[in-house]
Engineer: 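Here's a structure for you.
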There are 2 protein chains.
Amino acid sequence: MNKTALRVGNATHASRIYEILRRDIVNGCFQAGEKIAINALKERYCVGLSPLREALNKLAAYGLLTQENQRGFRIPRLDRSELDDIAQMRRKLECMALEQAIRYGDAEWESELLAAAHRLRRANGEDVEHWEHTHGRFHQTLVASCGSAWLLRFIEQLHDQFDRYRRLAPENSSIREVLDAQHDELVELALKRDIKAASLLLENHIMLSHQVALGSCRS
Amino acid sequence: MNKTALRVGNATHASRIYEILRRDIVNGCFQAGEKIAINALKERYCVGLSPLREALNKLAAYGLLTQENQRGFRIPRLDRSELDDIAQMRRKLECMALEQAIRYGDAEWESELLAAAHRLRRANGEDVEHWEHTHGRFHQTLVASCGSAWLLRFIEQLHDQFDRYRRLAPENSSIREVLDAQHDELVELALKRDIKAASLLLENHIMLSHQVALGSCRS
DNA sequence: TATTTTATGATAATCGATTTTCTTTCCAGA
DNA sequence: TCTGGAAAGAAAATCGATTATCATAAAATA
């Protein structure tokens with residue numbers, strides 16, 4: 001009846017769809033290389049063409065979709081050398097950010113970091129969706145006080161790219177345990193303001209995650 | 001009569017408009033903070049709402065427009081601290097890229113670099129639009145062989161951001177001369193594979209440009 | 001039979017009109 | 001005069017339908 005009932009809060013359809021699709025793409029709900037069937041999505045998410053196309057265009061600009069000239073949108077293929085690139089960039093940018101974050105982080109940052117780490121520990125064993133969200137928030141908080149909005153923006157973008165690979169890789173519980181332990185160690189070193197050690201540990205953390213994520217592509 | 005006559009080559013309206021607007025925003029054809037009057041643009045560029053809105057959405061995702069919840073698009077304001085952030089990120093990412101470019105660059109890269117430098121010298125004194133394009137291409141070529149597509153992507157994005165400030169700043173012919181000379185010195189050091197010196201010079205080059213660009217914002 | 005050409009159905013891109021939301025103005029009441 | 005709220009106008013967002021393009025299959029030609 002009332003079409004406005006579709007509106008959640010005061011966000012536009014386009015922005016809602018954008019967020020939903022971003023999550024779904026990162027979570028691997030689509031096949032890599034798959035063509036986006038706009039009409040199907042239209043039905044699935046109960047929106048018109050216009051807001052849907054606007055969301056797809058944004059996702060293409062963000063790098064979570066490819067757009068070929070007159071033949072619509074596609075989920076990007078998984079490519080070993082691109083994953084290597086993403087992981088290496090994560091290593092460099094996140095270490096850079098962490099060093100600055102430790103240098104400039106105040107008491108509020110320390111509190112937020114402890115809170116984020118606690119939430120992450122609690123999320124362990126909970127449903128995957130929730131853990132993923134909490135995990136992303138943890139890494140975001142870790143570098144949040146670096147002082148550079150653009151650096152944070154790039155890091156978030158790389159995280160989305162990286163997670164798309166990682167989520168498609170098979171589980172490895174032994175490595176996963178190590179990674180989990182590293183989260184707490186990172187907090188410890190950050191609070192001790194040990195820049196060198198924290199940076200080295202984060203580097204190792206990302207390289208280990210890279211090993212895991214490699215399981216998603218054959219080549 | 002024939003509406004398809006509007007098509008240039010086989011690009012879509014949306015992608016054409018995207019490129020035109022990107023150039024125009026970077027070149028300062030709009031006032032900082034200005035609200036985008038969609039209907040006016042529609043007339044100006046002879047397109048419908050849909051392709052125009054798709055282009056605007058892409059530009060917002062790219063960072064050349066801001067998008068407020070239900071009140072359209074705006075040209076981002078000029079902000080001193082954001083310019084500082086952009087310049088510092090340029091410094092870090094481009095130096096990183098240059099070091100790798102010198103390490104991995106092959107003979108083809110050397111040739112392209114010499115060609116780009118030559119074009120830049122020739123563009124001096126030509127119309128501004130052409131110089132800007134050639135200048136952008138030069139810096140792009142300088143780091144092109146770094147081996148990381150994502151690093152190049154971020155650098156290009158930062159360049160667009162930076163240039164928006166710089167193009168609005170008043171001319172300074174004495175600094176401009178120094179900057180021009182540095183372009184040639186950069187090529188020389190790059191071809192000599194002197195990573196340290198080249199990186200230091202690029203750092204200085206960006207800091208000098210930063211000084212110039214600062215002239216665009218009061219704060 | 002192989003290759004090109006021509007139809008046909010499917011999909012992408014665009015347009016024009018409608019609906020919703022925001023902004024400004026004006027008026028009533030304090 | 002000032003404040004709050006309704007009404008009108010402008011602008012943003014969305015929809016449904018149209019147009020253009022691509023992809024596939026059938027037919028025609030060499």
Side-chain angles (χ1 to χ4, degrees), chain A residues 1-22 25 30-62 64-77, chain B residues 1-22 25 30-62 64-77:
Chain A
M1 326 240 126
N2 187 356
K3 294 207 171 184
T4 64
L6 281 174
R7 292 269 166 85
V8 178
N10 51 2
T12 60
H13 288 192
S15 61
R16 274 193 317 112
I17 295 297
Y18 174 83
E19 275 307 324
I20 292 172
L21 282 175
R22 185 173 80 100
I25 294 171
F30 297 90
Q31 198 71 31
E34 178 183 343
K35 192 153 184 305
I36 295 292
I38 298 196
N39 283 313
L41 290 190
K42 209 179 61 161
E43 314 269 313
R44 168 125 67 106
Y45 298 117
C46 298
V47 285
L49 269 180
S50 311
L52 186 50
R53 283 190 61 88
E54 288 180 17
L56 294 173
N57 271 282
K58 267 190 174 169
L59 285 163
Y62 186 67
L64 281 175
L65 284 176
T66 61
Q67 189 171 20
E68 294 160 87
N69 203 319
Q70 224 127 359
R71 56 208 71 169
F73 300 86
R74 278 186 181 282
I75 305 291
R77 298 195 181 287
Chain B
M1 333 239 127
N2 189 354
K3 294 208 172 186
T4 64
L6 282 174
R7 293 267 167 87
V8 177
N10 50 4
T12 61
H13 288 192
S15 61
R16 274 192 319 110
I17 295 296
Y18 174 83
E19 274 308 323
I20 292 171
L21 282 175
R22 185 173 80 102
I25 294 171
F30 298 91
Q31 197 72 30
E34 179 183 342
K35 192 151 185 302
I36 295 292
I38 298 195
N39 281 313
L41 289 190
K42 209 179 61 160
E43 314 269 314
R44 168 125 66 106
Y45 297 117
C46 299
V47 286
L49 269 180
S50 310
L52 186 50
R53 283 189 61 88
E54 288 179 17
L56 293 174
N57 272 282
K58 266 191 174 168
L59 287 163
Y62 186 66
L64 281 175
L65 284 176
T66 60
Q67 189 172 18
E68 294 159 88
N69 205 319
Q70 224 126 1
R71 55 208 71 168
F73 300 86
R74 279 186 179 283
I75 306 291
R77 298 194 181 288

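Just the heavy atoms: all of them, side chains too, but no hydrogens, waters or symmetry mates, feed the values below. If you're wondering where the values come from, they're calculated on a predicted model, not measured in any experiment.
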Engineer: Considering non-hydrogen atoms only, spot the tightest contact between G33(A) and R77(A) and give its length.
Structural biologist: CA-NH1, 3.7 Å
Engineer: Out of dA13(D), dT14(C), dT21(D), which nucleotide sits closest to the side chain of E54(B)?
Structural biologist: dT14(C)
Engineer: Using the side chain to side chain contact (heavy atoms under 4.5 Å, CB included) rule, pick out the option among I17(A), L52(A), L49(A), I20(A) that qualifies with L41(A).
Structural biologist: L52(A)
Engineer: Just how far, in rounded Å, is P of dG16(C) from CD of E43(B)?
Structural biologist: 11 Å
Engineer: Which listed nucleotide (dC22(C), dC22(D), dC15(C)) is nearest to the side chain of Q70(B)?
Structural biologist: dC22(C)
Engineer: Look at the side chain of R53(A) and decide which nucleotide, out of dC22(D), dA13(C), dA11(D), has an atom nearest to it.
Structural biologist: dA13(C)
Engineer: Looking at the side chain of S50(A), which of dA13(D), dC15(D), dT14(C) is the nearest nucleotide?
Structural biologist: dC15(D)
Engineer: If every non-hydrogen atom of K58(B) is compared with every non-hydrogen atom of A61(A), which pair is closest and at what distance?
Structural biologist: O-CB, 3.8 Å
Engineer: Are more than 12 heavy atoms, taken from residues, nucleotides or ligands other than Q31(A), located less than 6.0 Å from that residue's CD atom?
Structural biologist: no
Engineer: Within the 4.0 Å heavy-atom criterion, would you say A37(B) contacts the bases, only the backbone, or no part of the nucleic acid?
Structural biologist: nothing
Engineer: Tell me which of E68(B) and R71(A) sits closer to the 5' end of DNA chain D, going by the nucleotide each one is nearest to.
Structural biologist: E68(B)
Engineer: Which is true for I36(B) with a 4.0 Å heavy-atom rule: it touches a base, it touches only sugar-phosphate, or it touches nothing?
Structural biologist: sugar-phosphate
Engineer: Remember a base hit wins even if backbone is also touched, and classify N69(A) as base, sugar-phosphate or nothing at under 4.0 Å, heavy atoms.
Structural biologist: sugar-phosphate
Engineer: Would you kindly give the CG-to-C1' distance between L41(A) and dA12(C), to the nearest whole Å?
Structural biologist: 14 Å
Engineer: Roughly, in whole Å, what's the span from NZ in K42(B) to C1' in dA12(D)?
Structural biologist: 12 Å
Engineer: How many whole angstroms separate atom NE2 of H13(B) from atom C1' of dT19(D)?
Structural biologist: 11 Å
Engineer: Select base, sugar-phosphate, or nothing to describe what K35(B) touches, counting heavy atoms under 4.0 Å on all strands.
Structural biologist: sugar-phosphate
Engineer: How long is the line joining CG of L49(A) and P of dT11(C), in whole Å?
Structural biologist: 13 Å
Engineer: Roughly how many Å is it from CG in L56(A) to P in dA12(C), rounded to a whole number?
Structural biologist: 10 Å
Engineer: Nearest whole angstrom, please: distance from the C1' of dA13(C) to the CG of N57(A).
Structural biologist: 11 Å
Engineer: In terms of side-chain heavy atoms of A14(B), which of dT14(C), dT14(D), dA12(D) is nearest?
Structural biologist: dT14(C)
Engineer: Which whole-number value in Å describes the distance from N39(A) CG to dC15(D) P?
Structural biologist: 13 Å
